[in-house]
Structures are given as C-alpha cells and as structure tokens.
Amino acid sequence: LVGLLVTPTRPTMREATVEELLACFLDEPPPAGLAETVEREVGRAFNDICRFPEGTRALLERLARRQPVALLSNFFLTGPIEELLDREGLTRYFAHIEVSATSGWVKPHATPFARVREALNLDHGRALMVGDDFWADIVGGTRAGFETALTHAHRQDEPSDPHAPGIRPGRILKSLAELTRESCVA
C-alpha cells in the first residue's frame with residue numbers, strides 16, 4: 001500500500017512525507033493530529049510484525065568487529081526502524097543508520113549513499129552495499145561507487161535489468177551469513 005502511495009514522488013526519488021501520503025487520500029487538508037496518529041499507528045504495526053531472522057545478532061556482531069556497518073533503508077518513517085533496532089538490541093552494531101525519511105531521498109538516489117560514505121569516512125576505502133532490491137541497492141550502490149551483493153535470502157530480485165545495462169551485482173548471496181565467510185568484505 002505504501003508503495004502505491006509514494007508513486008507520485010518516486011520519479012524524483014524524493015521520499016514522501018506522511019502529509020504527502022495523506023494528500024493522496026484526502027480532498028482537503030487532513031484534520032489536526034491525523035499525521036501524528038498515522039505515524040504512531042504505522043510505527044506500532046511495523047514493530048508488531050517485524051522480526052529478525054535467527055542469527056542476526058551474531059552476524060552483526062561478527063561483521064561489526066571487522067569493519068563499520070551501516071544500515072541504509074528506504075522507509076518513510078525513521079522512528080519505527082530506530083525503535084525496532086533498540087528493542088532488539090541491535091543499534092550498537094551500526095556505526096550509522098540512514099533512513100530515506102531522514103535524508104529525504106530514496107535509494108537509488110545518490111544522497112543516502114553519500115551520507116553513509118561520509119558518516120563512515122569511506123572516501124578512500126572500499127565499501128560493500130548488500131541488499132535485496134536490484135534497483136535500490138545494486139543500481140544505487142554501483143552508481144555510488146560501492147561494491148555490491150544481491151541477497152536472495154528474503155526475495156528473488158533478478159540480478160540484472162535491461163534499463164540498467166552493464167550493472168550487475170558483484171556477487172549473489174543465498175544468505176547474509178555468507179558475508180562472514182568472505183575475506184573481502186569491505
């Protein structure tokens with residue numbers, strides 16, 4: 001549903017605000033407090049249904065010991081993601097958390113990638129973008145100068161697209177656990 005609502009703002013890759021999403025439904029300005037209610041209820045629902053796969057904490061712990069790890073997410077609210085990570089005790093493994101609601105831009109736009117690169121001081125170092133969305137993660141990561149890995153752990157995006165000729169993931173992962181077995185993770 002949210003994907004359908006943000007369609008009017010996606011051609012620019014600008015993230016939609018709650019107020020803009022409400023405008024898609026309403027013919028008049030929203031009643032006072034509706035945006036806050038939507039944010040609170042979406043956050044509650046998000047945190048009620050989201051669960052991390054078994055082994056997530058151990059994987060993040062191993063990765064964070066070897067190099068800084070950042071989270072780069074397309075979501076129109078930052079609060080629910082931060083609350084979920086805090087609840088699960090995972091925030092400490094991330095050197096930086098970048099959500100499209102905060103940067104104002106959705107992947108594959110260059111801005112969120114640049115903010116991660118700056119936050120992790122990666123101007124001269126290699127970085128690996130791991131994601132499950134070909135356009136957001138692989139095209140965006142490649143264009144931003146990151147090495148890329150497409151994971152098929154939770155969805156099966158194709159590893160190429162005729163609208164992005166020459167862009168392919170550097171590797172395809174069946175599971176995120178493969179990251180700890182690789183010596184070239186940046």
Side-chain angles (χ1 to χ4, degrees), residues 1-53 56 69-88 90-91 94-120 127 129-146 148 150-158 160-165 167 169:
L1 177 63
V2 170
L4 296 174
L5 298 176
V6 258
T7 301
T9 61
R10 292 294 177 163
T12 66
M13 290 188 274
R14 191 180 58 73
E15 182 60 271
T17 65
V18 173
E19 290 78 12
E20 290 168 332
L21 295 174
L22 289 173
C24 292
F25 287 112
L26 305 172
D27 293 330
E28 55 193 43
L34 181 59
E36 292 80 9
T37 300
V38 168
E39 287 182 28
R40 183 180 62 251
E41 293 305 312
V42 167
R44 184 187 57 73
F46 180 89
N47 276 283
D48 283 351
I49 63 171
C50 287
R51 299 291 176 263
F52 289 98
T56 299
V69 177
L71 173 69
L72 178 51
S73 176
N74 281 349
F75 195 59
F76 72 108
L77 296 172
T78 301
I81 291 175
E82 292 173 340
E83 291 165 20
L84 176 66
L85 294 171
D86 286 345
R87 180 188 81 206
E88 298 295 324
L90 301 176
T91 304
F94 295 102
H96 182 71
I97 297 170
E98 186 69 36
V99 180
S100 58
T102 304
S103 73
W105 299 97
V106 296
K107 302 176 291 181
H109 194 274
T111 298
F113 292 95
R115 288 175 59 128
V116 166
R117 187 174 285 286
E118 181 181 319
L120 299 183
M129 174 64 195
V130 179
D132 63 357
D133 183 293
F134 178 79
W135 269 95
D137 302 318
I138 306 307
V139 172
T142 299
R143 289 178 177 166
F146 287 71
T148 60
L150 181 66
T151 177
H152 284 252
H154 304 289
R155 60 186 263 185
Q156 297 290 311
D157 261 22
E158 291 296 321
S160 65
D161 188 302
H163 299 294
I167 296 182

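Side-chain atoms are counted along with the backbone in the values below, which use heavy atoms only and exclude waters and symmetry mates.
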Worksheet item: Does the side chain of T102 come under 3.5 Å of the side chain of T78 through a donor N or O and an acceptor N or O?
Response: yes
Worksheet item: Would a 4.5 Å heavy-atom cut-off, applied to side chains only, mark T91 and E82 as touching?
Response: no
Worksheet item: Should we count CD of E19 as having more than 12 external heavy atoms under 6.0 Å?
Response: yes
Practice prompt. Apply side chain to side chain donor-acceptor pair (under 3.5 Å) to T151 and list each qualifying residue two or more places apart in sequence or on a separate chain.
Written response: none
Item to complete: Quick one: list whatever passes salt bridge (Lys or Arg N to Asp or Glu O under 4.0 Å) with E36, sequence neighbours left out.
Response: none
Worksheet, complete the sentence: All heavy atoms of F134 vs all of L150, minimum pair found to be N-CD1, 4.2 Å
Worksheet item: side-chain contact (heavy atoms from CB on, under 4.5 Å) between W105 and R115: does it pass, once the steps are laid out?
Response: CA-CA 11 Å; W105 299 97; R115 288 175 59 128; over 6 Å; no
Worksheet item: What distance do W135 atom CH2 and N74 atom CG have between them, rounded to the nearest 0.5 Å?
Response: 14.0 Å
Discussion item. For T148, give me all partners under side chain to side chain donor-acceptor pair (under 3.5 Å), at least two apart in sequence or on another chain.
Written reply: none
Worksheet item: Quick one: salt bridge (Lys or Arg N to Asp or Glu O under 4.0 Å) partners of D133, sequence neighbours excluded?
Response: R155
Worksheet entry | Donor-acceptor contact present, side-chain T142 to main-chain V139, <3.5 Å | no
Worksheet item: Side-chain contact, heavy-atom cut-off 4.5 Å: D137 with D132?
Response: yes
Worksheet entry | A70 to L120 - nearest heavy-atom pair and separation | CB-CD1, 3.7 Å
Worksheet item: Looking only at heavy atoms, what is the nearest atom pair of M13 and H109, with distance?
Response: SD-N, 3.3 Å
Worksheet item: In chain order, what residues pass the salt bridge (Lys or Arg N to Asp or Glu O under 4.0 Å) check against E83, with sequence neighbours excluded?
Response: none
Discussion item. Ignoring hydrogens, what is the shortest heavy-atom contact between A144 and R117? Give both atom names and the distance.
Written reply: O-NH2, 3.2 Å
Item to complete: Applying side-chain contact (heavy atoms from CB on, under 4.5 Å), run through V38 and L21 and close with a yes or a no.
Response: CA-CA 10 Å; V38 168; L21 295 174; over 6 Å; no
Taking only distance into account, with no hydrogens and no angle test, what donor-acceptor pairs under 3.5 Å do side-chain atoms of residues 40-47 form with protein atoms, sequence neighbours excluded?
unit_1	atom_1	unit_2	atom_2	d
E41	OE1	R44	NE	2.9
E41	OE1	R44	NH2	3.0
R44	NH1	D48	OD2	3.1
N47	OD1	L84	N	3.2
N47	ND2	G43	O	3.1
N47	ND2	P80	O	3.3

Fill in: Identified side-chain contact (heavy atoms from CB on, under 4.5 Å) partner of I97 from the options L71, V116, V69
L71
Worksheet entry | Spacing of CD belonging to E39 relative to OG1 belonging to T17, to within rounding of 0.5 Å | 9.0 Å
Worksheet item: Can you name the nearest heavy-atom pair linking P112 to K107, along with the distance?
Response: CG-N, 4.3 Å
Discussion item. Give me the atom names and distance for the closest heavy-atom approach of S73 to I81.
Written reply: OG-CD1, 3.5 Å
Discussion item. Let's go through R143 and F113 carefully: what are the C-alpha distance in whole Å and the side-chain angles of both, what is the deciding distance for side-chain contact (heavy atoms from CB on, under 4.5 Å) to 0.1 Å, and is it a yes or a no?
Written reply: CA-CA 9 Å; R143 289 178 177 166; F113 292 95; over 6 Å; no
